[in-house]
Amino acid sequence: MGSVHAKVPEPAQKETLTVKVNEVPVTVERVYIDGLARTKNDAVVPDVKHILAAKKFEEVVIRSLEAKAKLEALGAFKSIGILIDTSKGPEAAGNGVEVTFTVEELRHVGGGIHTLIGNNEGSVAFGLRMPNLMGRGEKLVGEYTYGSRKTQGFQLVFVKPFLRAPGARFSAGISKGEGEFPWSGYRELGRGVNAELSFQSILGMQHKVKWEGVWRELSCLTNATSFAVREQAGHSLKSSLHHSVGWDTRDNSILPNNGFVLRLNKELAGMGLGGDVNFVKGDIELQLNKSLLFGTVVQGTLTAGIMHNLSKIIGPRISDRYFLGGPLTLRGFEMRGAGPNSDGDSLGSTSFCAGGLHLYMPLPFRPGKGGFGDMFRTHLFVNGGVPGPLFIGGNRQENLDHLLDQLRWAYGAGVVLCLGNIARLELNYCVPVTFKTTDQVVKGFQCGIGLTFL
Amino acid sequence: MASVILTESIEVELGASEPWPSHAQLFEPLEGQITLSDLAHCTSVEAFLHMCHLPFVIDRRRNVHHMSPSGVVPFLKCGAFVISELEPIVGFTRTKGHNLTEAMSPKEEADIRAYMALIENILGNAELYISWLEKSVFYEYTSPRYQSVFPWPLNYALMWLKRRQVYNCLYSLGWAKKSTEEVVEEVAEACQALSEKLAKMEYFSGESPTELDALAYGHLHAILTTTLPDNRIATEVRKHSNLVEFVNQVQEKYFL
């Protein structure tokens, strides 16, 4: 932004007047915000305050646009208009300007029907929301979802953002959901209540601390469900504390070119918090991306988790165990297809690790470049993992032999499509190389849709 | 639907070719958890298996009601087969060649069925009524036992859900609206009928035990040995000395 050319309409001579906006001195006399009804003043005033300190016209414009972005982030307004005008009136300074924000608040209640993409399923959601409930950006959202995997549920969440701390918010809610897990032969109904606090710390790391209380009811899907899963049927009450910290430096979360993401999650259930489920769990996810020549990106991913059961009476429940396999984790295997198995029902285990190496390239001959074609990538990968318990006691050599014995891996190639910057669709041809006879492998095409992929 | 029944009958036919395993398991609730009605059913099945001289091991779990394919305890795990309730278990053991009513005529078999229905409908429902709908028994006996395996606050929620379920079941059978006196009277009549059937015989059908004896033993033993705040049902059973004798004798022969 350097200069603005203004045409002075003179028929005889054409004179152009050049105004360098970054050199025009101004005094911002007033900033108005028009149209506030239920929004409180202290929610919006701090966002616009720094416009008053602008000394040059260019600064006024830039700061006004920044303020507009902050007001939009509040989630309280349908539209925001900015008007910058010279100040009028007898006490106006010679170079005074006034900035007026004309806002239109969202209605008290809004709603809609929309579709969601979860991990390997799609669902339709009927939602009702009440934005800006008490004037400072709080909102109450209620949603009923029905999914393609016959999952259905509803949730009611209250969210309060902390306006002076970026990325910080508190939310609390209740939820009820039922899901079927045919790969393990059971159906689970969960009713829960949760409270969550998220905030940012140094280097832009995002923290989330959450308490969750869930009443789970597990029942067998059919009479043919294996006994090892039948033993898990019944009620359990889990009261747990989660902490997760994420450090994301990628430029794009779905098809990143550069950067890395590191996530550490910890969960403590029971042990004084209530309920009859007691364990401590920790997992880590790491993804590194490096872009090479001609638009190719090489990506390495690693994830591992370990769970330690703390109950003396009941072993680790199937609902809390780790599962490996599926288009989102270990490609080349069916959903939950790699790992301990009983009569065709996947049992999961208390620890796992998996990793992958990917090479992404733009489509050959780049059709639709600059538009639709940019959402596609071709994809070469090799991925592997150890689904069983990682440590079996004994000495280091025995453990290493066990890990190598339990290793499963597959390679393949396919196409990746980025959906609306939120989700990813993959179609791959997989060749599983090492697996056990009880695993359910996919040799051929495998399609997956979801938000997070290994 | 027809295909489901066909698969089950094929499964049972296949199972018939295998002998009774040495490690059959009978799953029952925990001893501190079990209530009157469940105790009656569990003891009936145990007695039946003892009478057939079939070995089994009792496995106690806190979530047996949910593990059971029909929601009723006890259930038997025999190799790959999981069967719950006495009647299906009787049918299953028949396919393995153990039949306690082999020597009976069709009329005698029909008699046995009738008396088993009498015991289930009268004594069975009376037990449910007394444990779940009679206030003193419910608050002092049934409720603490049922809640003992669940954590707070789930125990209250599940207890009320179970009570409502039992109430609805008894309501559809016409028992929920009876008073405790009426229930005790029904039990008295049933005990009278059983006492007359047994008379001076060793077992209800003569010399050898049948599933009727197992069922009768299960219910009568549970009623006699469970001390409840309201013990009127046990008193009715004790009025008939031949029934008490029968219970003692079966216990001595098969359980000790």
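Nothing here was measured: the structure is a model prediction, and the numbers come from that model. Chain letters run A, B, ... following the sequence lines, proteins first and then strands; every chain starts at 1.
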In this structure, are over 12 heavy atoms from other groups packed under 6.0 Å from B:Phe255 atom CZ?
-> yes

Sort out for me which residue in B:His66, B:His65, B:Arg62 forms a side chain to side chain donor-acceptor pair (under 3.5 Å) with A:His235.
-> B:His66

Given that the side chain runs from C-beta out, which part of B:Val64 has a heavy atom under 4.5 Å from chain A: side chain, backbone, both or neither?
-> neither

Interface moiety of A:Ile314 toward chain B, non-hydrogen atoms closer than 4.5 Å = side chain

For the residue pair B:Trp152 and A:Leu237, what are the closest heavy atoms and their distance?
-> O-CD2, 3.5 Å

About how many Å separate CZ of A:Arg230 and CZ of B:Phe27, when rounded to the nearest 0.5 Å?
-> 10.5 Å

Over 12 foreign heavy atoms within 6.0 Å of NZ, A:Lys281 | yes

Atom pair CG/CZ of B:Leu154 and A:Arg191 - distance to nearest 0.5 Å | 9.5 Å

Is the number of heavy atoms from other residues, nucleotides or ligands under 6.0 Å of B:Arg113 CZ greater than 12?
-> yes

Counting only heavy atoms not in B:Tyr156, do more than 12 fall under 6.0 Å of its OH?
-> no

Neighbour count above 12 (heavy atom, 6.0 Å) for B:Tyr139 OH = yes

Portion of A:Ser236 that has a non-hydrogen atom of chain B nearer than 4.5 angstrom | backbone

Within 6.0 angstrom of B:Lys178 NZ, more than 12 heavy atoms from elsewhere = yes

Shortest non-hydrogen separation from A:Gly275 to B:Pro151 and the atoms involved | C-CB, 3.9 Å

So does B:Arg94 have more than 12 non-hydrogen atoms from other groups sitting under 6.0 Å from CZ?
-> yes

State whether the side chain of B:Asn63 and the backbone N or O of A:Glu231 hold a donor-acceptor pair below 3.5 Å, judged by distance alone.
-> yes

